[in-house]
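Read through the structure below, which is laid out as structure tokens, and then see the notes.
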Protein chains: 2
Amino acid sequence: MLKSAPQKDTSFSAELDFIRKLFRKHGLKLTQQRLEILRAVRESGDHPSAEEVYRRVRPVLPTVSLDTVYRALMMFERIGAISRVEILDDRTRFESNTDPHHHLVCVVCRGIEDFPCPAADRIKPPAAGKWGKVLSNHLELRGVCRSCLAKQVGG
Amino acid sequence: MLKSAPQKDTSFSAELDFIRKLFRKHGLKLTQQRLEILRAVRESGDHPSAEEVYRRVRPVLPTVSLDTVYRALMMFERIGAISRVEILDDRTRFESNTDPHHHLVCVVCRGIEDFPCPAADRIKPPAAGKWGKVLSNHLELRGVCRSCLAKQVGG
DNA sequence: CTAGGTGCAAACAATTTGCGCGCGT
DNA sequence: ACGCGCGCAAATTGTTTGCACCTAG
């Protein structure tokens, strides 16, 4: 438990250098708030909503406000540090995975799981070149996840 | 111009029988409002927001309220008469195309175009069966459409 | 007739913004 | 020291709801 620096911090601090440069590059100030907000999204690797991020940083930054979280998240998205996911019937979520990937969404528990899919990445609009310039592909498979499926059978 | 009954009405009235049955089946009343709201989505074949639908029915139903539009749209979705699309950074949109299909979204003009894609329909989560039960596949290609691309080059 | 539907206005929830002080650079 | 960023609270926007009257079946 006390072996060394906390695990979570270790992995994140490795990114600190990169983050610092990124901020510098965009002429942005690296504040404690921004750092913690970014950490809340990047360390977990999941898909928190703005509210959820707010909840996560409160223990560390008790005075932080929800609007600061919003502002920071939007700013991070602008500079490419995180990306946002919009899921049917739900509020906007954020994620640290900025590589091309796709989502499995459980319509019961609203859980989101990432998965890579080169086949989906490769798909182009029909009559290639006729539509315009494609920037990204995002495939969303909606359904019921394993654990919700198990619960339903019993309920 | 006066050749016959208005074109638009012709195609929609062909669906009237189907609509009527669908409503009956669900024990719903077919009111003038609902009919016009449904028409506003189905006749255009595009992807209007609730606000846009409201705007479209106002000329025909000057007293209709936005909340009636919302209620009707949600109800139509429930009974499968239309489906909803959620696009990044934008309000919910509705569409009459309830067959499996995918979307080309222009990030500049926010326009949405449908396209069929059997390849995308066939994609399954990795480690098949491990995630749960997939109900639908939706691929969203984001980019800049032809006409916005043309404008950008000039600007 | 009578339950379900409508319009109005108000409630709600998520997100955005104006403002004056504080802190990172 | 300067100016961006912060927290507060209030404004906006999209959507939902309670209620009394109305209308399709």
Side-chain angles (χ1 to χ4, degrees), chain A residues 16-17 19-38 40-41 47-55 57-79 81-82 84-94 110, chain B residues 16-17 19-41 47-55 57-58 60-79 81-82 84-94 110:
Chain A
L16 242 178
D17 182 53
I19 302 293
R20 214 177 282 281
K21 274 187 199 135
L22 190 61
F23 272 60
R24 169 96 36 113
K25 185 172 120 189
H26 291 270
L28 298 165
K29 289 181 183 171
L30 184 55
T31 64
Q32 194 60 29
Q33 287 90 329
R34 290 178 170 182
L35 196 59
E36 291 302 330
I37 290 166
L38 189 52
V41 180
H47 309 76
S49 63
E51 277 281 357
E52 173 60 25
V53 171
Y54 178 61
R55 224 170 293 130
V57 297
R58 292 281 289 188
V60 194
L61 302 166
T63 68
V64 83
S65 63
L66 181 57
D67 51 280
T68 295
V69 173
Y70 272 109
R71 280 191 274 227
L73 289 171
M74 291 191 300
M75 193 262 285
F76 295 152
E77 193 204 0
R78 226 176 33 245
I79 65 176
I82 63 175
R84 70 163 64 189
V85 200
E86 305 231 324
I87 296 301
L88 193 67
D89 257 4
D90 206 359
R91 68 198 72 174
T92 303
R93 315 270 206 105
F94 298 85
R110 318 251 97 160
Chain B
L16 242 178
D17 181 53
I19 302 291
R20 216 178 278 283
K21 275 188 197 136
L22 188 62
F23 272 60
R24 169 98 33 114
K25 185 171 118 189
H26 290 270
L28 299 165
K29 290 179 182 172
L30 185 55
T31 62
Q32 194 59 28
Q33 288 88 329
R34 289 178 172 182
L35 196 59
E36 291 302 332
I37 290 165
L38 189 51
R39 183 210 302 276
V41 180
H47 308 77
S49 64
E51 279 280 358
E52 174 59 26
V53 171
Y54 178 60
R55 223 168 297 130
V57 297
R58 291 280 289 189
V60 193
L61 302 166
T63 69
V64 82
S65 62
L66 181 56
D67 50 278
T68 295
V69 173
Y70 271 109
R71 281 191 275 229
L73 289 171
M74 290 191 299
M75 193 262 283
F76 296 152
E77 193 203 359
R78 227 177 30 247
I79 67 176
I82 62 175
R84 73 162 65 191
V85 200
E86 305 231 324
I87 295 301
L88 192 67
D89 257 6
D90 207 359
R91 66 199 73 172
T92 303
R93 314 270 207 107
F94 298 87
R110 317 251 98 155

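Treat the numbers as computed from the prediction; the structure is a model and nothing was measured. Just so it is clear: chains get the letters A, B, ... in the order the sequence lines come, proteins before strands, and each one is counted from 1.
As a whole-Å value, the separation of Leu35(A) CG from dT25(C) C1' is 16 Å. One atom, CE of Met74(B), and another, P of dT6(C), lie 12 Å apart when rounded to the nearest Å. For the pair Arg78(B) CZ and dG4(C) P, the computed distance is 12 Å after rounding to whole Å. Straight-line distance from the CG atom of Leu73(A) to the P atom of dA14(C): 15 Å, rounded to whole Å.
The shortest distance between the side-chain N/O atoms of Tyr70(B) and the OP1/OP2 oxygens of dT16(D) is not below 4.0 Å. In terms of phosphate contacts, Thr31(A) brings no side-chain nitrogen or oxygen within less than 4.0 Å of OP1 or OP2 of dG24(C). Of the side-chain N and O atoms in Thr68(B), none sit less than 4.0 angstrom from OP1 or OP2 of dT6(C). Residue Thr63(B) places at least one side-chain N or O under 4.0 Å from the OP1 or OP2 atom of dG7(C). For dC23(C), neither phosphate oxygen OP1 nor OP2 lies less than 4.0 angstrom from any side-chain nitrogen or oxygen of Gln33(A). Phosphate contact (OP1/OP2 of dT23(D), side-chain N/O of Gln32(B), threshold under 4.0 Å): absent.
Of the candidate nucleotides dC8(D), dA14(C), dG3(D), dC8(D) has the atom nearest to the side chain of Arg71(A). When distances are taken from the side chain of Thr92(A) to each of dG7(D), dT15(C), dG3(D), the shortest belongs to dT15(C). For Arg34(B), the listed nucleotide lying nearest its side chain is dT6(C); candidates were dT15(D), dT25(C), dT6(C).
Within 4.0 Å (heavy atoms only), Leu66(B) reaches at least one base atom of the nucleic acid. Across all strands shown, Ser49(B) has no heavy atoms under 4.0 Å from either base or sugar-phosphate atoms.
Using a distance-only test at 3.5 Å, with no hydrogens or angles considered, a donor-acceptor pair links the side chain of Arg34(B) to the main chain of Lys29(B).
Judged by atom type and distance alone, Asp67(B) reaches the base of dC8(C) through a side-chain donor-acceptor pair under 3.5 Å.
Across the interface with DNA chain D, nearest-nucleotide mapping of Ala50(B) and Arg20(B) shows Ala50(B) to be the residue nearer the 5′ end. Ranked by how close their nearest DNA chain D nucleotide is to the 5' end, Val69(A) and Lys29(B) are led by Val69(A). DNA chain C is contacted by both Gly27(B) and Leu61(B); Gly27(B) maps to the nucleotide lying nearer its 5′ end (nearest heavy atom per residue).
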Run the side-chain contact (heavy atoms from CB on, under 4.5 Å) check on Glu52(B) and His47(B) step by step: do they pass? CA-CA 9 Å; Glu52(B) 174 59 26; His47(B) 308 77; over 6 Å; no
Full working for side-chain contact (heavy atoms from CB on, under 4.5 Å) between Lys21(A) and Lys25(A): CA-CA 6 Å; Lys21(A) 274 187 199 135; Lys25(A) 185 172 120 189; over 6 Å; no
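Atom CZ of Arg20(A) has 12 or fewer heavy atoms from other residues, nucleotides or ligands within 6.0 Å.
Within the model, atoms CG of Leu28(A) and CD1 of Ile19(A) stand 11.5 Å from one another, a figure rounded to the nearest 0.5 Å.
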